Amino acid sequence: MTPPLVDVNQVGIRFGSFDAVSDVSLSVADGEIVTLVGPSGCGKSSVLRTVAGLETAAKGRVSLRGAAALSFVFQDAALLPWLTVEKNVALPLRLSGADGGSRVEEALERVGLADRPQAFPSQLSGGMRMRVSIARALVSQPDVMLMDEPFAALDELRRFDLAKLVRDIAKTRGLAVLFVTHSVFEACFISDRVLVMTPRPGRIATDITVDGDGQRSADFRESDAFAKASAEVSTALRAASFEVAS
Amino acid sequence: MIRFLAPFGAALIFLMVWEGAVALFSVKAFVLPAPTAIGASLIDSFSDLAAAAGHTLKITWISLAVAIVLSLALALAFSAVRLLELTFYPYAVVLQVTPIIAVAPLIMIWVGLDNVDLALVIIATLVAFFPLLTTLIQGLRGIEKNLKDVFRLYGASTWQTFVHLQLPATMPAFLSGLKISAGLALIGAVVAEFVAGSGTASGLAWTMLEASNRLQTDKVFAALFVLSGLGVVQYYLLAWLEETLTGHWVGK
(Lines give C-alpha, C1' and ligand atoms only; values in the text may rest on other atoms or scores of the structure.)
Protein backbone atom coordinates (compact mmCIF):
# COMPACT_ATOMS: atom_id res chain seq x y z
CA MET A 1 0.00 0.00 0.00
CA THR A 2 1.33 3.45 -0.91
CA PRO A 3 1.75 5.72 2.08
CA PRO A 4 -0.42 8.89 2.11
CA LEU A 5 0.83 11.97 0.30
CA VAL A 6 0.56 14.08 3.43
CA ASP A 7 1.06 12.59 6.85
CA VAL A 8 0.69 14.76 9.92
CA ASN A 9 1.71 12.87 13.01
CA GLN A 10 0.86 14.11 16.53
CA VAL A 11 1.70 17.69 15.69
CA GLY A 12 1.53 20.39 18.35
CA ILE A 13 1.91 24.08 17.54
CA ARG A 14 2.78 26.77 20.07
CA PHE A 15 2.71 30.55 19.73
CA GLY A 16 4.84 31.99 22.49
CA SER A 17 3.41 30.65 25.70
CA PHE A 18 0.10 29.25 24.55
CA ASP A 19 -0.76 26.07 22.68
CA ALA A 20 -2.55 26.76 19.42
CA VAL A 21 -2.83 23.13 18.42
CA SER A 22 -2.29 20.04 20.49
CA ASP A 23 -1.71 16.62 19.06
CA VAL A 24 -3.17 16.66 15.55
CA SER A 25 -2.78 13.61 13.33
CA LEU A 26 -4.19 13.37 9.84
CA SER A 27 -3.38 12.06 6.41
CA VAL A 28 -4.39 12.91 2.86
CA ALA A 29 -4.18 10.39 0.02
CA ASP A 30 -3.76 11.02 -3.72
CA GLY A 31 -6.85 12.68 -5.17
CA GLU A 32 -8.43 12.96 -1.75
CA ILE A 33 -9.99 16.13 -0.42
CA VAL A 34 -9.81 16.48 3.34
CA THR A 35 -11.30 19.47 5.12
CA LEU A 36 -10.61 20.87 8.56
CA VAL A 37 -13.56 22.60 10.18
CA GLY A 38 -13.75 24.08 13.62
CA PRO A 39 -14.54 27.24 15.56
CA SER A 40 -12.52 30.41 14.90
CA GLY A 41 -9.08 30.28 16.47
CA CYS A 42 -9.00 26.51 16.83
CA GLY A 43 -5.73 26.38 14.90
CA LYS A 44 -6.96 24.91 11.63
CA SER A 45 -5.06 27.48 9.60
CA SER A 46 -1.99 26.86 11.73
CA VAL A 47 -2.11 23.17 10.86
CA LEU A 48 -2.23 24.10 7.19
CA ARG A 49 0.63 26.57 7.51
CA THR A 50 2.69 23.98 9.35
CA VAL A 51 2.16 21.47 6.54
CA ALA A 52 3.30 24.22 4.12
CA GLY A 53 6.40 24.87 6.21
CA LEU A 54 5.32 28.44 7.00
CA GLU A 55 5.16 27.57 10.71
CA THR A 56 7.24 25.08 12.66
CA ALA A 57 5.67 22.36 14.74
CA ALA A 58 6.65 22.42 18.41
CA LYS A 59 6.24 18.66 18.50
CA GLY A 60 5.27 15.86 16.17
CA ARG A 61 6.14 15.54 12.53
CA VAL A 62 4.82 16.45 9.10
CA SER A 63 5.93 14.19 6.28
CA LEU A 64 5.28 14.33 2.58
CA ARG A 65 5.68 11.27 0.38
CA GLY A 66 8.74 11.43 -1.85
CA ALA A 67 9.44 14.90 -3.18
CA ALA A 68 5.78 15.90 -3.21
CA ALA A 69 5.35 19.49 -4.37
CA LEU A 70 3.05 21.80 -2.40
CA SER A 71 1.04 24.81 -3.34
CA PHE A 72 -1.03 27.11 -1.18
CA VAL A 73 -4.16 29.17 -1.82
CA PHE A 74 -4.74 32.05 0.57
CA GLN A 75 -8.01 33.52 1.73
CA ASP A 76 -7.76 36.83 -0.10
CA ALA A 77 -6.23 35.45 -3.33
CA ALA A 78 -2.90 37.16 -2.50
CA LEU A 79 -2.23 38.38 -6.01
CA LEU A 80 0.39 40.98 -6.88
CA PRO A 81 -1.65 44.04 -7.93
CA TRP A 82 1.05 45.33 -10.29
CA LEU A 83 1.14 42.19 -12.41
CA THR A 84 -1.32 41.01 -15.04
CA VAL A 85 -3.29 37.80 -14.56
CA GLU A 86 -0.85 35.94 -16.78
CA LYS A 87 2.22 37.17 -14.90
CA ASN A 88 0.65 36.47 -11.52
CA VAL A 89 0.03 32.89 -12.58
CA ALA A 90 3.58 32.61 -13.92
CA LEU A 91 5.12 33.82 -10.63
CA PRO A 92 6.02 30.39 -9.16
CA LEU A 93 7.72 29.43 -12.43
CA ARG A 94 9.56 32.72 -12.59
CA LEU A 95 10.82 32.37 -9.01
CA SER A 96 12.06 28.84 -9.60
CA GLY A 97 13.58 29.76 -12.95
CA ALA A 98 11.40 27.22 -14.75
CA ASP A 99 10.22 27.76 -18.29
CA GLY A 100 6.55 28.76 -18.28
CA GLY A 101 5.57 28.26 -21.90
CA SER A 102 2.19 26.64 -22.27
CA ARG A 103 1.72 25.86 -18.58
CA VAL A 104 0.39 29.31 -17.70
CA GLU A 105 -2.09 29.16 -20.55
CA GLU A 106 -3.12 25.68 -19.55
CA ALA A 107 -3.69 26.67 -15.91
CA LEU A 108 -5.75 29.69 -16.95
CA GLU A 109 -7.75 27.49 -19.29
CA ARG A 110 -8.42 25.08 -16.43
CA VAL A 111 -9.94 27.76 -14.20
CA GLY A 112 -11.91 29.33 -17.04
CA LEU A 113 -9.91 32.53 -17.40
CA ALA A 114 -8.12 31.90 -20.69
CA ASP A 115 -9.68 35.05 -22.16
CA ARG A 116 -8.35 37.51 -19.56
CA PRO A 117 -4.56 37.01 -19.44
CA GLN A 118 -3.79 40.75 -19.71
CA ALA A 119 -6.25 41.95 -17.05
CA PHE A 120 -5.01 43.35 -13.77
CA PRO A 121 -6.39 41.91 -10.50
CA SER A 122 -8.17 45.19 -9.75
CA GLN A 123 -10.24 44.73 -12.90
CA LEU A 124 -11.55 41.33 -11.80
CA SER A 125 -14.32 40.29 -9.42
CA GLY A 126 -13.50 38.48 -6.18
CA GLY A 127 -14.44 35.13 -7.70
CA MET A 128 -12.24 35.70 -10.73
CA ARG A 129 -9.31 36.76 -8.55
CA MET A 130 -9.68 33.50 -6.66
CA ARG A 131 -9.64 31.61 -9.95
CA VAL A 132 -6.35 33.33 -10.80
CA SER A 133 -5.01 32.32 -7.41
CA ILE A 134 -6.00 28.70 -8.04
CA ALA A 135 -4.36 28.84 -11.48
CA ARG A 136 -1.17 30.11 -9.82
CA ALA A 137 -1.32 27.19 -7.39
CA LEU A 138 -1.76 24.75 -10.27
CA VAL A 139 0.98 26.09 -12.53
CA SER A 140 3.81 24.51 -10.57
CA GLN A 141 2.05 21.14 -11.02
CA PRO A 142 1.78 20.34 -7.33
CA ASP A 143 0.88 17.01 -5.75
CA VAL A 144 -0.73 18.69 -2.76
CA MET A 145 -2.81 21.85 -2.67
CA LEU A 146 -3.39 23.55 0.68
CA MET A 147 -6.34 25.94 0.78
CA ASP A 148 -6.91 28.32 3.69
CA GLU A 149 -10.56 29.48 3.70
CA PRO A 150 -10.16 30.39 0.05
CA PHE A 151 -13.81 31.19 -0.66
CA ALA A 152 -14.74 32.91 2.61
CA ALA A 153 -15.16 36.32 0.98
CA LEU A 154 -17.33 35.08 -1.90
CA ASP A 155 -21.09 34.79 -2.23
CA GLU A 156 -22.83 31.44 -1.91
CA LEU A 157 -23.17 30.75 -5.62
CA ARG A 158 -19.52 31.44 -6.46
CA ARG A 159 -18.40 29.44 -3.45
CA PHE A 160 -20.05 26.31 -4.76
CA ASP A 161 -18.89 26.95 -8.33
CA LEU A 162 -15.32 27.19 -7.15
CA ALA A 163 -15.64 24.26 -4.75
CA LYS A 164 -16.88 22.17 -7.67
CA LEU A 165 -13.97 23.39 -9.81
CA VAL A 166 -11.42 22.45 -7.14
CA ARG A 167 -13.00 19.03 -6.68
CA ASP A 168 -13.00 18.41 -10.45
CA ILE A 169 -9.33 19.33 -10.68
CA ALA A 170 -8.37 17.20 -7.68
CA LYS A 171 -10.22 14.18 -9.01
CA THR A 172 -8.91 14.41 -12.58
CA ARG A 173 -5.30 15.02 -11.56
CA GLY A 174 -5.06 12.91 -8.43
CA LEU A 175 -4.24 16.08 -6.52
CA ALA A 176 -4.44 15.84 -2.73
CA VAL A 177 -6.26 18.79 -1.20
CA LEU A 178 -6.21 19.88 2.42
CA PHE A 179 -8.94 22.47 2.80
CA VAL A 180 -9.85 24.78 5.68
CA THR A 181 -13.25 26.39 6.11
CA HIS A 182 -15.76 27.20 8.81
CA SER A 183 -18.73 26.51 6.57
CA VAL A 184 -20.21 23.09 7.23
CA PHE A 185 -21.99 22.99 3.86
CA GLU A 186 -18.92 23.96 1.90
CA ALA A 187 -16.93 21.33 3.77
CA CYS A 188 -19.45 18.58 3.01
CA PHE A 189 -19.81 19.59 -0.62
CA ILE A 190 -16.11 19.58 -1.46
CA SER A 191 -14.70 16.86 0.79
CA ASP A 192 -14.19 13.15 0.89
CA ARG A 193 -13.51 13.47 4.61
CA VAL A 194 -14.27 16.22 7.09
CA LEU A 195 -12.18 16.53 10.25
CA VAL A 196 -13.86 18.44 13.06
CA MET A 197 -11.53 20.27 15.43
CA THR A 198 -12.09 21.38 19.01
CA PRO A 199 -11.54 24.98 20.23
CA ARG A 200 -8.04 26.00 21.24
CA PRO A 201 -5.82 24.18 21.80
CA GLY A 202 -7.20 22.46 18.75
CA ARG A 203 -7.20 18.76 18.20
CA ILE A 204 -9.23 16.57 15.90
CA ALA A 205 -12.42 15.40 17.58
CA THR A 206 -14.18 13.55 14.77
CA ASP A 207 -13.33 12.17 11.34
CA ILE A 208 -16.43 12.03 9.10
CA THR A 209 -16.50 10.40 5.68
CA VAL A 210 -18.73 11.99 3.02
CA ASP A 211 -20.15 9.41 0.64
CA GLY A 212 -20.15 10.13 -3.08
CA ASP A 213 -17.03 9.48 -5.08
CA GLY A 214 -15.60 11.36 -8.01
CA GLN A 215 -16.88 14.65 -9.34
CA ARG A 216 -19.96 16.24 -7.86
CA SER A 217 -22.55 18.48 -9.48
CA ALA A 218 -24.80 21.05 -7.84
CA ASP A 219 -27.37 18.26 -7.36
CA PHE A 220 -25.12 16.70 -4.76
CA ARG A 221 -26.37 19.34 -2.34
CA GLU A 222 -29.81 17.73 -2.49
CA SER A 223 -28.53 14.20 -2.02
CA ASP A 224 -28.95 12.07 1.07
CA ALA A 225 -25.20 11.66 1.39
CA PHE A 226 -24.81 15.46 1.63
CA ALA A 227 -27.66 15.80 4.13
CA LYS A 228 -26.32 13.02 6.28
CA ALA A 229 -22.76 14.37 6.28
CA SER A 230 -23.94 17.94 7.03
CA ALA A 231 -25.96 16.72 10.00
CA GLU A 232 -23.05 14.66 11.30
CA VAL A 233 -20.55 17.50 10.96
CA SER A 234 -22.89 20.01 12.63
CA THR A 235 -23.49 17.65 15.53
CA ALA A 236 -19.80 16.91 15.86
CA LEU A 237 -18.96 20.61 15.82
CA ARG A 238 -21.46 21.35 18.57
CA ALA A 239 -20.24 18.42 20.61
CA ALA A 240 -16.60 19.45 20.17
CA SER A 241 -17.31 23.01 21.29
CA PHE A 242 -19.38 21.81 24.25
CA GLU A 243 -16.71 19.37 25.34
CA VAL A 244 -14.30 22.16 26.11
CA ALA A 245 -16.86 24.58 27.55
CA SER A 246 -18.00 22.06 30.17
CA MET B 1 -12.92 71.66 -17.96
CA ILE B 2 -14.19 73.76 -15.05
CA ARG B 3 -11.26 72.31 -13.09
CA PHE B 4 -8.89 74.31 -15.32
CA LEU B 5 -11.07 77.29 -16.11
CA ALA B 6 -11.96 78.18 -12.53
CA PRO B 7 -8.43 78.63 -11.13
CA PHE B 8 -7.29 80.22 -14.40
CA GLY B 9 -10.17 82.69 -14.33
CA ALA B 10 -9.47 83.55 -10.69
CA ALA B 11 -5.82 84.26 -11.57
CA LEU B 12 -6.89 86.48 -14.47
CA ILE B 13 -9.23 88.54 -12.27
CA PHE B 14 -6.55 88.82 -9.58
CA LEU B 15 -3.97 90.07 -12.09
CA MET B 16 -6.41 92.59 -13.56
CA VAL B 17 -7.21 94.00 -10.13
CA TRP B 18 -3.49 94.14 -9.36
CA GLU B 19 -2.74 95.92 -12.62
CA GLY B 20 -5.58 98.38 -12.08
CA ALA B 21 -4.61 99.08 -8.46
CA VAL B 22 -0.98 99.78 -9.36
CA ALA B 23 -2.09 102.25 -12.05
CA LEU B 24 -4.83 103.83 -9.92
CA PHE B 25 -2.68 104.47 -6.84
CA SER B 26 0.54 105.15 -8.82
CA VAL B 27 2.46 102.56 -6.82
CA LYS B 28 6.22 102.82 -7.32
CA ALA B 29 7.60 100.02 -9.49
CA PHE B 30 10.29 99.09 -6.93
CA VAL B 31 7.58 98.56 -4.31
CA LEU B 32 5.07 96.65 -6.40
CA PRO B 33 5.49 96.39 -10.16
CA ALA B 34 2.43 95.84 -12.35
CA PRO B 35 1.89 92.32 -13.75
CA THR B 36 2.62 93.64 -17.26
CA ALA B 37 5.97 95.00 -16.05
CA ILE B 38 6.78 91.64 -14.49
CA GLY B 39 5.82 89.96 -17.76
CA ALA B 40 8.12 92.31 -19.66
CA SER B 41 10.94 91.58 -17.24
CA LEU B 42 10.29 87.86 -17.63
CA ILE B 43 10.79 88.21 -21.38
CA ASP B 44 13.76 90.58 -21.11
CA SER B 45 15.76 88.47 -18.70
CA PHE B 46 14.56 85.16 -20.07
CA SER B 47 18.01 83.73 -20.81
CA ASP B 48 19.27 84.80 -17.35
CA LEU B 49 16.29 83.24 -15.64
CA ALA B 50 16.43 80.07 -17.71
CA ALA B 51 20.10 79.55 -16.86
CA ALA B 52 19.43 80.20 -13.17
CA ALA B 53 16.41 77.87 -13.21
CA GLY B 54 18.54 75.21 -14.90
CA HIS B 55 21.09 75.48 -12.13
CA THR B 56 18.51 75.31 -9.35
CA LEU B 57 16.82 72.35 -10.99
CA LYS B 58 20.15 70.56 -11.35
CA ILE B 59 20.82 70.95 -7.63
CA THR B 60 17.24 69.89 -6.84
CA TRP B 61 17.34 66.73 -8.90
CA ILE B 62 20.82 65.64 -7.83
CA SER B 63 19.69 66.09 -4.21
CA LEU B 64 16.51 64.18 -4.89
CA ALA B 65 18.47 61.32 -6.45
CA VAL B 66 20.83 61.18 -3.47
CA ALA B 67 17.85 61.31 -1.10
CA ILE B 68 16.17 58.43 -2.94
CA VAL B 69 19.24 56.18 -2.75
CA LEU B 70 19.89 57.08 0.90
CA SER B 71 16.30 56.64 2.05
CA LEU B 72 15.86 53.38 0.19
CA ALA B 73 19.04 51.94 1.70
CA LEU B 74 18.05 53.09 5.18
CA ALA B 75 14.45 51.94 4.88
CA LEU B 76 15.58 48.49 3.79
CA ALA B 77 18.12 48.30 6.60
CA PHE B 78 15.49 49.47 9.12
CA SER B 79 12.91 46.98 7.94
CA ALA B 80 15.43 44.15 8.00
CA VAL B 81 17.00 44.91 11.39
CA ARG B 82 14.59 46.29 13.97
CA LEU B 83 17.43 47.34 16.29
CA LEU B 84 18.82 49.65 13.59
CA GLU B 85 15.46 51.37 13.28
CA LEU B 86 15.05 51.73 17.04
CA THR B 87 18.56 53.18 17.28
CA PHE B 88 18.65 55.58 14.37
CA TYR B 89 15.09 56.57 13.54
CA PRO B 90 14.98 59.16 16.35
CA TYR B 91 17.98 60.86 14.77
CA ALA B 92 16.21 60.99 11.45
CA VAL B 93 13.37 62.74 13.28
CA VAL B 94 15.82 65.17 14.91
CA LEU B 95 17.19 65.92 11.47
CA GLN B 96 13.70 66.53 10.20
CA VAL B 97 12.51 68.85 12.96
CA THR B 98 15.67 70.97 13.05
CA PRO B 99 15.06 73.95 10.78
CA ILE B 100 17.40 73.50 7.88
CA ILE B 101 18.09 77.21 7.75
CA ALA B 102 19.76 76.87 11.15
CA VAL B 103 22.04 74.09 9.99
CA ALA B 104 22.83 75.55 6.59
CA PRO B 105 25.48 78.04 7.79
CA LEU B 106 27.43 75.18 9.39
CA ILE B 107 27.38 73.17 6.21
CA MET B 108 28.46 76.27 4.33
CA ILE B 109 31.44 76.62 6.63
CA TRP B 110 32.38 72.94 6.42
CA VAL B 111 32.09 72.36 2.69
CA GLY B 112 30.62 75.47 1.10
CA LEU B 113 33.78 77.55 1.09
CA ASP B 114 35.49 75.22 -1.35
CA ASN B 115 32.49 73.83 -3.13
CA VAL B 116 29.21 75.73 -3.00
CA ASP B 117 27.28 73.27 -5.16
CA LEU B 118 28.20 70.37 -2.90
CA ALA B 119 26.94 72.32 0.10
CA LEU B 120 23.72 73.10 -1.75
CA VAL B 121 23.21 69.43 -2.57
CA ILE B 122 23.83 68.38 1.04
CA ILE B 123 21.33 70.90 2.38
CA ALA B 124 18.63 70.08 -0.18
CA THR B 125 19.17 66.35 0.38
CA LEU B 126 18.71 66.76 4.12
CA VAL B 127 15.36 68.43 3.53
CA ALA B 128 14.13 65.99 0.89
CA PHE B 129 15.22 62.85 2.64
CA PHE B 130 12.76 62.45 5.50
CA PRO B 131 9.38 62.11 3.74
CA LEU B 132 10.90 59.51 1.47
CA LEU B 133 12.30 57.56 4.40
CA THR B 134 8.99 57.49 6.29
CA THR B 135 6.87 56.60 3.27
CA LEU B 136 9.30 53.86 2.26
CA ILE B 137 9.35 52.39 5.76
CA GLN B 138 5.55 52.43 5.80
CA GLY B 139 5.45 50.89 2.34
CA LEU B 140 7.79 48.08 3.32
CA ARG B 141 5.89 47.42 6.54
CA GLY B 142 2.56 47.48 4.78
CA ILE B 143 3.35 44.55 2.50
CA GLU B 144 0.65 41.96 3.09
CA LYS B 145 1.72 38.94 5.06
CA ASN B 146 0.07 36.65 2.53
CA LEU B 147 2.18 38.07 -0.28
CA LYS B 148 5.34 37.51 1.74
CA ASP B 149 4.16 33.96 2.42
CA VAL B 150 3.65 33.36 -1.31
CA PHE B 151 7.29 34.28 -1.88
CA ARG B 152 8.49 32.13 1.02
CA LEU B 153 6.41 29.22 -0.19
CA TYR B 154 7.93 29.28 -3.64
CA GLY B 155 11.42 29.53 -2.21
CA ALA B 156 12.20 33.05 -3.41
CA SER B 157 15.70 34.30 -2.62
CA THR B 158 16.25 37.55 -0.73
CA TRP B 159 17.13 39.23 -4.00
CA GLN B 160 14.03 37.90 -5.77
CA THR B 161 11.85 39.05 -2.89
CA PHE B 162 13.45 42.48 -3.09
CA VAL B 163 13.06 42.87 -6.85
CA HIS B 164 9.70 41.18 -7.37
CA LEU B 165 7.92 42.04 -4.12
CA GLN B 166 9.44 44.75 -1.95
CA LEU B 167 10.38 47.22 -4.67
CA PRO B 168 7.09 47.13 -6.59
CA ALA B 169 5.00 46.91 -3.42
CA THR B 170 6.50 50.12 -2.04
CA MET B 171 6.05 51.93 -5.36
CA PRO B 172 2.79 53.74 -4.46
CA ALA B 173 4.15 54.92 -1.11
CA PHE B 174 7.44 55.84 -2.74
CA LEU B 175 5.79 57.90 -5.47
CA SER B 176 3.61 59.83 -3.06
CA GLY B 177 6.67 60.46 -0.88
CA LEU B 178 8.53 61.56 -3.99
CA LYS B 179 5.93 64.23 -4.77
CA ILE B 180 6.48 65.77 -1.33
CA SER B 181 10.24 65.32 -1.38
CA ALA B 182 10.67 66.85 -4.82
CA GLY B 183 8.94 70.01 -3.61
CA LEU B 184 11.07 70.04 -0.48
CA ALA B 185 14.27 69.49 -2.47
CA LEU B 186 13.43 72.57 -4.51
CA ILE B 187 12.79 74.57 -1.33
CA GLY B 188 16.01 73.18 0.15
CA ALA B 189 18.00 74.18 -2.91
CA VAL B 190 16.60 77.72 -2.79
CA VAL B 191 17.14 78.11 0.95
CA ALA B 192 20.69 76.87 0.55
CA GLU B 193 21.33 79.42 -2.18
CA PHE B 194 20.02 82.20 0.05
CA VAL B 195 22.34 81.10 2.82
CA ALA B 196 25.24 80.87 0.41
CA GLY B 197 24.36 84.42 -0.57
CA SER B 198 26.29 86.12 -3.31
CA GLY B 199 29.46 84.58 -4.56
CA THR B 200 29.70 81.62 -6.81
CA ALA B 201 26.07 80.48 -6.47
CA SER B 202 24.11 81.08 -9.64
CA GLY B 203 20.59 79.71 -9.18
CA LEU B 204 17.20 81.37 -8.97
CA ALA B 205 17.51 82.41 -5.34
CA TRP B 206 20.74 84.16 -6.08
CA THR B 207 19.08 85.90 -9.05
CA MET B 208 16.35 87.13 -6.70
CA LEU B 209 18.86 88.32 -4.09
CA GLU B 210 20.84 90.19 -6.66
CA ALA B 211 17.76 91.73 -8.26
CA SER B 212 16.40 92.83 -4.90
CA ASN B 213 19.73 94.42 -3.98
CA ARG B 214 19.40 96.47 -7.15
CA LEU B 215 15.72 97.22 -6.43
CA GLN B 216 14.72 95.40 -9.63
CA THR B 217 11.51 94.29 -8.03
CA ASP B 218 10.00 93.24 -11.34
CA LYS B 219 12.85 90.78 -11.84
CA VAL B 220 12.41 89.45 -8.29
CA PHE B 221 8.80 88.72 -9.15
CA ALA B 222 9.76 87.21 -12.49
CA ALA B 223 12.20 84.83 -10.76
CA LEU B 224 9.60 84.03 -8.13
CA PHE B 225 7.12 83.22 -10.88
CA VAL B 226 9.62 80.89 -12.57
CA LEU B 227 10.38 79.24 -9.23
CA SER B 228 6.79 78.43 -8.34
CA GLY B 229 6.18 77.42 -11.96
CA LEU B 230 8.98 74.87 -11.65
CA GLY B 231 7.50 73.53 -8.42
CA VAL B 232 4.06 73.16 -9.97
CA VAL B 233 5.30 71.51 -13.17
CA GLN B 234 7.49 69.16 -11.15
CA TYR B 235 4.54 68.20 -8.93
CA TYR B 236 2.20 67.46 -11.81
CA LEU B 237 4.86 65.50 -13.68
CA LEU B 238 5.30 63.28 -10.64
CA ALA B 239 1.54 62.99 -10.16
CA TRP B 240 1.28 61.91 -13.79
CA LEU B 241 4.09 59.41 -13.27
CA GLU B 242 2.29 58.04 -10.21
CA GLU B 243 -0.95 57.62 -12.15
CA THR B 244 0.82 55.98 -15.09
CA LEU B 245 2.83 53.57 -12.99
CA THR B 246 0.35 52.60 -10.31
CA GLY B 247 -3.07 53.75 -11.56
CA HIS B 248 -4.12 50.30 -12.74
CA TRP B 249 -3.39 48.76 -9.32
CA VAL B 250 -6.46 50.23 -7.79
CA GLY B 251 -8.58 49.87 -10.86
CA LYS B 252 -9.34 53.33 -12.19
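Just so we're clear, the structure is a prediction, and the values are computed from it rather than from any experiment. Hydrogens, waters and symmetry mates are skipped; everything else that's a heavy atom, side chains included, is used.
- With rounding to the nearest 0.5 angstrom, the CG atom of N146(B) is 8.0 Å from the CG atom of D148(A).
- The two residues A137(A) and Y154(B) come nearest to each other via the heavy atoms CA-OH, 3.9 Å.
- More than 12 heavy-atom neighbours from other residues, nucleotides or ligands sit within 6.0 angstrom of CZ on F18(A).
- Counted within 6.0 Å of CZ on R158(A), heavy atoms from surrounding residues, nucleotides or ligands total 12 or fewer; the atom is thus considered open.
- With a 4.5 angstrom heavy-atom cutoff, S71(A) touches chain B via backbone and side-chain atoms both.
- Remark: L157(A) CG is loosely packed, at most 12 non-hydrogen atoms of other residues, nucleotides or ligands lying under 6.0 Å away.
- In this structure, chain B has heavy atoms under 4.5 Å from both the backbone and the side chain of R94(A).
- Contacts of L245(B) with chain A are absent, with no heavy-atom separation under 4.5 Å from either backbone or side chain.
- No more than 12 heavy atoms of other residues, nucleotides or ligands shown are found within 6.0 angstrom of NZ on K87(A).
- The line from NE2 of H164(B) to CG of L91(A) is 8.0 Å long, rounded to the nearest 0.5 Å.
- Closest non-hydrogen pair, L147(B) versus L79(A), comes out as CD2-O, 3.6 Å.
- Within a 6.0 Å radius of CZ in F14(B), no more than 12 heavy atoms belonging to other residues, nucleotides or ligands are found.
- Distance check, rounded to the nearest 0.5 Å: CZ of F74(A) to CG of D149(B) gives 4.5 Å.
- Proximity to chain B (any heavy atom under 4.5 Å) is restricted, for F120(A), to the side chain, taken from C-beta onward.
- Taking the side chain as every heavy atom from C-beta outward, L80(A) and F151(B) approach each other to under 4.5 Å.
- The environment of CD in E105(A) is sparse: at most 12 heavy-atom neighbours from other residues, nucleotides or ligands sit within 6.0 Å.
- Top candidate by heavy-atom pairs under 4.5 Å with chain A, chosen from G155(B), A169(B), S157(B), A156(B), is A169(B).
- Heavy-atom minimum distance, F72(A) versus L153(B): CB-CD2, 2.9 Å.
- Surrounding NZ of K148(B) are more than 12 heavy atoms belonging to other residues, nucleotides or ligands, all under 6.0 Å away.
- In this structure, the separation between CD on E144(B) and CG on D76(A) is 5.0 Å, given to the nearest 0.5 Å.
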